Amino acid sequence: MSKIIGIDLGTTNSCMGIMEGERLLVIPNDENFRTTPSVVAFTKEGGLLVGNQAKRQQVMNPENTVFSIKRFMGRKFSDKIVSGDIKSIPYKLVPASNGDVWVEVAGRTYSPPELSAMVLMKLKKDAEAYLREPVEKAVVTVPAYFNDSQRQATKDSGKIAGLDIVRIINEPTAAALASGFDSKVRTRIVIYDLGGGTFDTSILELGQGIFKVLSTCGDTHLGGDDFDQAVIDYLVAEFYKAEGIDLRNDRVALQRLKDGAEKAKINLSTLDSVEITLPFIAVTKDGPKHLKTVLTKTKLEEITKDIAESTAGPCQTALADAGLRASDIDEVVLVGGQTKMPLVRSVVKRIFKKEPYAGINPDEAVASGAAKQASVLKGDIRDILLLDVTAFSLGIKTEGGIFSKIIEKNSSIPTRKSETYTTTKDDQSFVRIEVFQGEKPMAADNKPIGTFDLVGIPPAQKGTPKIQVLFDIDANGIIKVSAKDLSSGKEQAIKITPESGLSNSDVDSKTKELGNDFASRLSKGEKLQAEQNYKETEQAPGGEENLPASAPAPDREKQGQKKSIFDLFKKKDN
Ligand code: AMP
């Protein structure tokens, strides 16, 4: 049987793993990094860049560099998350004809699954180069709260990338699987996952080889980016105090501040203080201005304390939903890059009243768990049964707009459940089945996920026909709903049509299109990037960080004209 790799398709970074016999292996990318930024960039010349290369040129090409696409998977343009993000991201979000959110970039529109597929294709390519054999199958992880459209969209991206996603598993379950706790003994664990842009906390119970998610809660707008923003705000305010210049309106300066802030934050996880140096951050008529300051760990903790503390609320909700107290928890597992910050660790310790588990790398836990599950599916590991749960209740709209729940939140999957309904009018020949997910009593207050009509009901008095509605959720968390008229004995079952997402033919055409030109566009992008890097190195041999702070100002800058750092490099060496 061919190899199945595990992929943590992350919002900020992605990671791949595989089990080689008993050994868990993280698959490095072509630059030998163990994680790959989930970033796709389109160059002016029609080339593509994915991963580190795309991230590196983000400062110079912000409108054509797509990051955090996972936030928009399976979402409508009208979604709250989209309207919240649209102002802050530099690339353009547009509504598709079915109301989904798409991205307009480099003169074309792309659906989120297509962009995500580009990340997957790059991962696949790197894995194949590393393993020296074709990789066609993968277990891919998604957040536990991902709904049906988001899971479908993830499956579609696999298909477009030429990768068969044999199973989708929830990220916390994967992390638990990777932690290697003895799943025979009942253990209650918390997975505290704070990544670049999102926060999730899940409570799982392990026992008799079963991994059961008891509850999950989070904040889709909380992550490492917020810590970076706090540092940026601090640096901007300090610079304003010292120089009277407001950097907030200079996009290039802001991107450089973001890089500097993130680097400083990461280094302060192990150091007590760092120096942040951003030469030529602004240009005035008196010449260039440089940002040079020292940030201490104490200061960083002071300005980010509230952000770290705000993770406590979702943790308490997850505990309450699971009917547990902090003292009932046996282990706390940290996942996501931001949990490497000592302040975050101390907040977690206070919430759960115990030292977090130290035996697993937060960046690799999810991919490692996916790799383990791949091994279970291949039959190489036999004693683990993985049980996930639905993160929402599911049901249909009934008379008066009331939401009738068929599957309760936190039910183990796979699952099948049915309820019987009837007609509200005499001789009603069809019923409209409107499917919703959520916890509110009125259907309109929940999220619609699909609609279909059951037609051909024989004439009968109202209240007589028996219409059975069956919900079937598979192990990937993907839902099928069918309806059957029991009273006539005539069976009619119809599958749900998702309210959003790509049609099968869309997926097929995009698969062909990307399959045809991904490799050539990627190699074009990488080649041009390499040439560009070479030119820049030639022009600024020491790199930005090593420029002397007192470098003479180029003539144009003396005249007060603002230029990008790229132009400054060029001019300086002329
Ligand atoms: P992830 O989404 O799990 O890849 O996490 C990415 C986030 O983790 C980014 O905001 C990074 O800045 C942050 N991060 C990575 N390493 C560290 C570190 N050593 N200390 C603090 N934050 C980190």
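Atoms within each ligand, like the ligands themselves, are counted from 1 in listed order. Please read these numbers as outputs of a predicted model, since none were measured by experiment.
- Interatomic distance, Ser375 OG to Ile4 CD1, rounded to the nearest 0.5 Å: 8.5 Å.
- Looking from atom 4 (O) of ligand 1 to the surrounding protein, the closest heavy atom is Asn13 ND2, 2.8 Å.
- Comparing Lys265, Lys263, Lys340 against atom 10 (O) of ligand 1, the shortest heavy-atom distance belongs to Lys265.
- The contact set between ligand 1 and Gly224, taken as ligand atoms under 4.0 Å from a residue heavy atom, comprises 10 (O).
- In the vicinity of Gly195, heavy-atom distances shorter than 4.0 Å reach the ligand 1 atoms 1 (P), 2 (O), 3 (O), 5 (O), 7 (C).
- In the candidate list Gln338, Glu364, Met341, Gln338 is nearest to atom 8 (O) of ligand 1, counting heavy atoms.
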How far apart are the C-alpha atoms of Arg521 and Phe42, what are their side-chain angles, what is the distance that settles it, and do they pass the side chain to side chain contact (heavy atoms under 4.5 Å, CB included) test?
CA-CA 9 Å; Arg521 288 183 70 189; Phe42 297 77; 3.5 Å; yes

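- Ligand 1 is approached by Ile266 to a heavy-atom distance shorter than 4.0 Å.
- Closest protein heavy atom to atom 2 (O) of ligand 1: Gly196 N, 2.9 Å.
- Arg345 contributes no side-chain N or O that, together with a main-chain N or O of Leu334, makes up a donor-acceptor pair within less than 3.5 Å.
- Atoms of ligand 1 found under 4.0 Å from any heavy atom of Thr12 (numbered from 1 in listed order, with element): 2 (O).
- Side chains of Tyr130 and Leu25 form a contact here, defined as non-hydrogen atoms less than 4.5 Å apart.
- Taking every heavy atom of Gly336 and a limit of under 4.0 angstrom, the matching atoms of ligand 1 come to 3 (O).
- When heavy-atom distances to ligand 1 are checked against a 4.0 Å cut-off, Glu262 comes that close only through its side chain, counted from C-beta outward.
- Across the listed options Ala365, Ser269, Gly337, Ser269 owns the non-hydrogen atom lying nearest to atom 20 (N) of ligand 1.
- Any N or O atom pair closer than 3.5 Å counts here, and Asp363 shares no such pair with ligand 1.
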Salt bridge (Lys or Arg N to Asp or Glu O under 4.0 Å) between Glu128 and Lys124, worked out
CA-CA 6 Å; Glu128 288 175 342; Lys124 175 175 171 352; 2.9 Å; yes

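- With hydrogens and angles disregarded, no donor-acceptor distance shorter than 3.5 Å links the side chain of Asp148 to the backbone of Ile478.
- Side chain of Arg151 to backbone of Phe146: a donor-acceptor contact under 3.5 angstrom is found.
- Between the side chain of Lys289 and the main chain of Ala282, no donor-acceptor pair closer than 3.5 Å is present.
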